[in-house]
J.: 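Mind having a look at this structure? Questions to follow.
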Amino acid sequence: MNSHLIDVYADTGSVLHTADPRAKVSAVLLLIVIVGLTPMGAFGAYVGFFALAMAGALVGRLDPLLIVRRSLIALPFALAAILLIFTVPGPPVLILPLTGWAITAPGLVRFASILFKSMISVQFAALLLATTHFTAMLWALGALRVPHVLVAIISFMYRYIFVLAEEAGRLARARDSRSAVLPGVRPRSRSLVFRARTTGRLIGALFLRSFARSERVYMAMVSRGYRGEVRLLNPQPLTARDALIAGLPVALGGLLLAASLLLG
Amino acid sequence: MLRSAPLAPPAMHAPDGFFSVWLSIVGWVITAALIALALRNTRDQLGERQVPLMGIMAAAIFAGQMLNFTIPGGTSGHLIGGALAAIVLGPWAGLLVMTAVVAVQALLFQDGGLLVMGLNIINMGVITAFVGYFVYRLVRKVAPGRTGLLVGAAAGAWLSLVVTAAFAAVELALSGTSPLRFALPAMVGVHALIGVGEALLTVFALGFILAARPDLVTGEEAPGQRSAGWVTVGLVLALAITLLAPLASPYSDGMERVAEVFAEPQAVERPPVGFAVPSEPQFFGEFRDAPYEILPDYTVPFLGDSGVSTIVAGMIGVLIVFGVALGVARLTRRDERARP
């Protein structure tokens with residue numbers, strides 16, 4: 001199947017993988033909040049958070065480089081924050097030629113802080129996603145008071161995402177096989193509206209097929225006794241080990257936050 | 001071809017870190033209230049079909065987002081789908097479908113952050129679905145028939161992305177990530193272009209559905225949606241208020257900034273009032289200067305802290321409106337139950 005559809009779970013059977021998903025989801029959310037609350041320019045604390053994420057990768061027997069690489073997805077979004085280097089008032093560091101725009105020191109600090117904090121947050125999320133299977137994650141969300149119907153809808157989506165991605169792939173293949181070009185012949189360039197019409201109709205077809213499929217699936221469920229209620233397995237108890245695995249990084253992160261607030 | 005689209009709209013699956021913690025938490029609170037409302041409404045409308053129908057349609061939107069079409073400039077565009085889902089399935093179901101899409105993108109493929117997921121759901125799910133549906137219904141009321149239906153879908157799809165972009169810009173500004181006077185024109189400008197693709201795809205997809213299964217589209221509002229109509233009106237009004245507050249100030253300031261950047265120093269010879277006609281015909285000087293300066297002193301008091309506080313007030317207003325809406329929904333439900 002397509003590379004776009006490979007999820008980021010990687011089973012290495014480590015301590016992190018076997019830890020309770022509720023504990024992991026809560027810990028990672030808390031860590032992201034802690035990183036978010038850390039003041040701008042507290043680069044010492046950022047290094048500490050980064051070390052925490054890398055330690056997590058080692059404990060989870062994951063490639064630390066993979067976790068770092070995954071956090072690069074924050075880079076395109078830096079574009080949204082780049083103007084801060086000009087707009088935050090402060091002493092100029094460098095004046096751009098031609099435009100005369102001045103890059104300020106506080107602006108640079110703020111921009112770098114936002115970028116680093118975002119990358120560290122993505123690394124914590126990457127640890128969670130790489131060590132927690134999606135079904136376990138959904139179960140944890142249900143246990144953490146996310147409405148069960150919503151969890152059931154997302155579970156259904158997960159079940160059919162790959163089926164419908166295949167269907168979309170078949171539709172796209174049918175379109176492409178009818179848009180063949182002889183070798184050496186320059187394809188006749190078609191208008192944007194023409195291309196949008198072709199793709200839009202594919203989407204309409206996908207929509208209708210999915211609608212019909214949902215009816216069939218519903219009938220099949222009813223015939224197997226479905227009464228509008230999705231039952232989940234009983235929750236396992238949280239152990240002291242889970243509390244330790246989740247609590248230790250959160251406590252360390254909290255210490256870093258407190259230190260950056262007190263010293264900064 | 002199935003490829004991840006290079007033209008994925010920016011700041012829509014925003015990762016953690018670009019929106020502030022407090023704003024993210026406000027986003028989660030609003031999202032939680034709306035999801036609770038949506039779950040009730042779709043349960044009334046769909047009954048036990050709710051879970052399979054919406055789960056599979058969410059997967060369909062996700063798969064539909066993978067169908068790219070090439071656009072000039074060597075990139076490709078793809079559907080977001082919030083407006084299409086809301087038009088065919090109704091606003092509440094559209095909201096839930098898009099919520100599931102955003103959640104799976106973040107939790108399975110790490111496309112979008114966890115703490116900011118509430119805001120991402122508001123941007124990608126709530127606003128696209130509600131603005132798309134509301135504009136579509138409005139146009140259909142004014143112009144019935146097939147033309148009105150398709151024009152309404154086009155307008156709804158285009159506006160859904162533009163309003164979403166404006167919201168994302170306001171959120172970036174509130175978080176101190178990007179100044180509003182740059183973020184708003186940039187985000188709205190980019191999405192006004194992306195929105196054309198969204199409008200085209202939505203219209204052609206809807207045209208296909210209209211030809212094959214007209215019963216899905218041409219029907220009047222489904223039972224259970226009528227009560228949602230007033231909530232929709234309240235939501236759109238509240239959203240408009242939050243949007244108008246920032247829109248009032250940054251444009252004038254942004255224009256002034258543009259004028260300052262592009263006007264050469266010796267050409268800056270400002271008339272005391274914007275529309276003052278120069279005594280001699282100085283075409284270029286006038287072009288650089290006058291048309292953008294309707295109110296020279298208008299911008300300063302509105303930007304800065306007071307502008308930000310206006311937006312915060314607006315956000316809190318939205319929150320209160322949703323709280324009231326949730327309460328009203330609960331009360332009416334009790335009334336219905338009490339009836340024999």
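Every chain is numbered from 1 and lettered A, B, ... according to where its sequence line falls, protein lines coming before strand lines. Values below: all heavy atoms of this structure, side chains included; hydrogens, waters and symmetry mates excluded. Here the structure is a predicted model, which is why all the values come from computation and not from measurement.
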J.: Quick one: what part of A:Met119 sits under 4.5 Å from any heavy atom of chain B, side chain, backbone, both or neither?
T.: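 Contact with chain B involves no heavy atom of A:Met119 at all.
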J.: Does A:Val193 offer a backbone N or O that forms a donor-acceptor pair with the side chain of A:Arg197 under 3.5 Å?
T.: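 The answer is no, because no donor-acceptor pair under 3.5 Å joins these two groups.
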J.: Side chain, backbone, both or neither: which part of A:Arg110 has a heavy atom under 4.5 Å from chain B?
T.: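 Side chain only.
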J.: Check whether any side-chain N or O of B:Asp16 sits under 3.5 Å from a backbone N or O of B:Leu115 as a donor-acceptor pair, and report yes or no.
T.: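 Yes; at least one donor-acceptor contact below 3.5 Å.
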J.: Taking every heavy-atom pair that is under 4.5 Å apart, which of A:Ile154, A:Thr198, A:Leu84 has the most such pairs with chain B?
T.: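 Highest number of heavy-atom pairs under 4.5 Å: A:Leu84.
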J.: Taking side chain as everything from C-beta outward and backbone as N, CA, C, O, which of these in A:Arg70 sits under 4.5 Å from a heavy atom of chain B? Side chain, backbone, both or neither.
T.: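 Only the side chain of A:Arg70 comes within 4.5 Å of chain B.
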J.: Check each atom of A:Leu150 against the heavy atoms of chain B and say whether the ones under 4.5 Å are side chain, backbone, both or neither.
T.: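 When you check distances to chain B, atoms from both the backbone and side chain of A:Leu150 fall under 4.5 Å.
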J.: So which of B:Val104, B:Leu114, B:Leu107, B:Leu53 has the largest heavy-atom pair count under 4.5 angstrom toward chain A?
T.: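 Max contact count across the listed options: B:Leu107.
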J.: Quick check, are the ring centers of B:Phe109 and B:Phe62 under 6.0 angstrom apart?
T.: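 Yes, the ring of B:Phe109 comes within the 6.0 Å limit of the ring of B:Phe62, centre to centre.
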J.: Count the heavy-atom pairs under 4.5 Å between each of B:Val203, B:Ile209, B:Leu200, B:Val97 and chain A, then report the option with the highest count.
T.: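 Greatest number of close heavy-atom pairs with chain A: B:Ile209.
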J.: Sort out for me which of B:Ile35, B:Val101, B:Leu96 touches chain A most, counting heavy-atom pairs under 4.5 Å.
T.: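 Most heavy-atom pairs within the cutoff with chain A belong to B:Val101.
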J.: In terms of heavy-atom proximity below 4.5 Å to chain B, should A:Val122 be classed as side chain, backbone, both, or neither?
T.: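 Answer is both: backbone and side chain atoms of A:Val122 are under 4.5 Å from chain B.
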J.: Would you check if the side chain of B:Ser178 reaches a backbone N or O of A:Ala80 as a donor-acceptor pair within less than 3.5 Å?
T.: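 At least one qualifying donor-acceptor pair exists.
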J.: Can you say whether A:Glu167 sits under 4.5 Å from chain B via the side chain, the backbone, both, or neither, judging by heavy atoms?
T.: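 Neither part.
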J.: Relative to chain B, which segment of A:Ile203 carries a heavy atom at a distance below 4.5 Å: side chain, backbone, both, or neither?
T.: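 Backbone plus side chain of A:Ile203, per the 4.5 Å heavy-atom cut-off to chain B.
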J.: To the closest 0.5 Å, what do you measure between CG (B:Leu79) and CG (B:Asn68)?
T.: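 One gets 10.5 Å once the value is rounded to the nearest 0.5 Å.
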J.: I'd like to know if the side chain of A:Lys24 and the backbone of A:Leu128 have a donor-acceptor N/O pair within less than 3.5 Å.
T.: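 Checked: no pair found.
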J.: Is a donor on one side and an acceptor on the other found under 3.5 Å between the side chain of A:Ser177 and the backbone of A:Ala174?
T.: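 Judged by distance alone, yes, a pair lies under 3.5 Å.
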J.: Heavy atoms only, distances under 4.5 angstrom: which of B:Leu206, B:Val88, B:Thr99 has the most pairs with chain A? Name it, please.
T.: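 Winner by heavy-atom pair count: B:Val88.
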J.: Pick one of side chain, backbone, both or neither for A:Phe211, based on which atoms fall under 4.5 Å of a heavy atom in chain B.
T.: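 Both backbone and side chain.
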J.: Select, from B:Arg43, B:Met54, B:Arg49, the one with the greatest count of heavy-atom pairs under 4.5 Å involving chain A.
T.: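 Option with the top pair count is B:Arg49.
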J.: Could you tell me which of A:Leu83, A:Leu208, A:Leu171 has the largest number of non-hydrogen atom pairs under 4.5 Å with chain B?
T.: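 Sorted descending by pairs with chain B, the first entry is A:Leu208.
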J.: Let me confirm one number: the CZ-CZ distance from A:Arg175 to A:Arg201, rounded to the nearest 0.5 Å.
T.: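 It comes to 13.5 Å.
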J.: Is the A:Phe156 ring parallel, tilted or perpendicular to the A:Tyr160 ring (thresholds 30°, 60°)?
T.: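 If you compare the ring of A:Phe156 with that of A:Tyr160, the planes turn out parallel.
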J.: Checking heavy atoms, do the side chain of A:Val222, its backbone, both or neither come under 4.5 Å from chain B?
T.: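 For A:Val222, side-chain heavy atoms alone lie under 4.5 Å from chain B.
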J.: Counting heavy-atom pairs closer than 4.5 Å to chain A, which one of B:Gly47, B:Ala59, B:Gly17 comes out on top?
T.: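 When all of B:Gly47, B:Ala59, B:Gly17 are compared, B:Ala59 has the most.
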J.: Relative to chain B, which segment of A:Tyr226 carries a heavy atom at a distance below 4.5 Å: side chain, backbone, both, or neither?
T.: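 Both backbone and side chain of A:Tyr226 come within 4.5 Å of chain B.
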J.: Taking only residues two or more places apart in sequence or in another chain, which ones pass ring-ring contact (aromatic ring centres under 6.0 Å, His included) with A:Tyr46?
T.: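 Applying ring-ring contact (aromatic ring centres under 6.0 Å, His included) to A:Tyr46 gives A:Phe43.
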J.: Is it the side chain or the backbone of A:Leu141 that comes within 4.5 Å of chain B heavy atoms, both, or neither?
T.: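 Only the side chain of A:Leu141 comes within 4.5 Å of chain B.
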J.: Please classify the contact between A:Val28 and chain B as side chain, backbone, both or neither, with a heavy-atom cut-off of under 4.5 Å.
T.: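 The side chain, not the backbone.
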J.: Between OG of A:Ser214 and CZ of A:Arg209, what distance do you get to the nearest 0.5 Å?
T.: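 Reported to 0.5 Å precision, the distance equals 14.5 Å.
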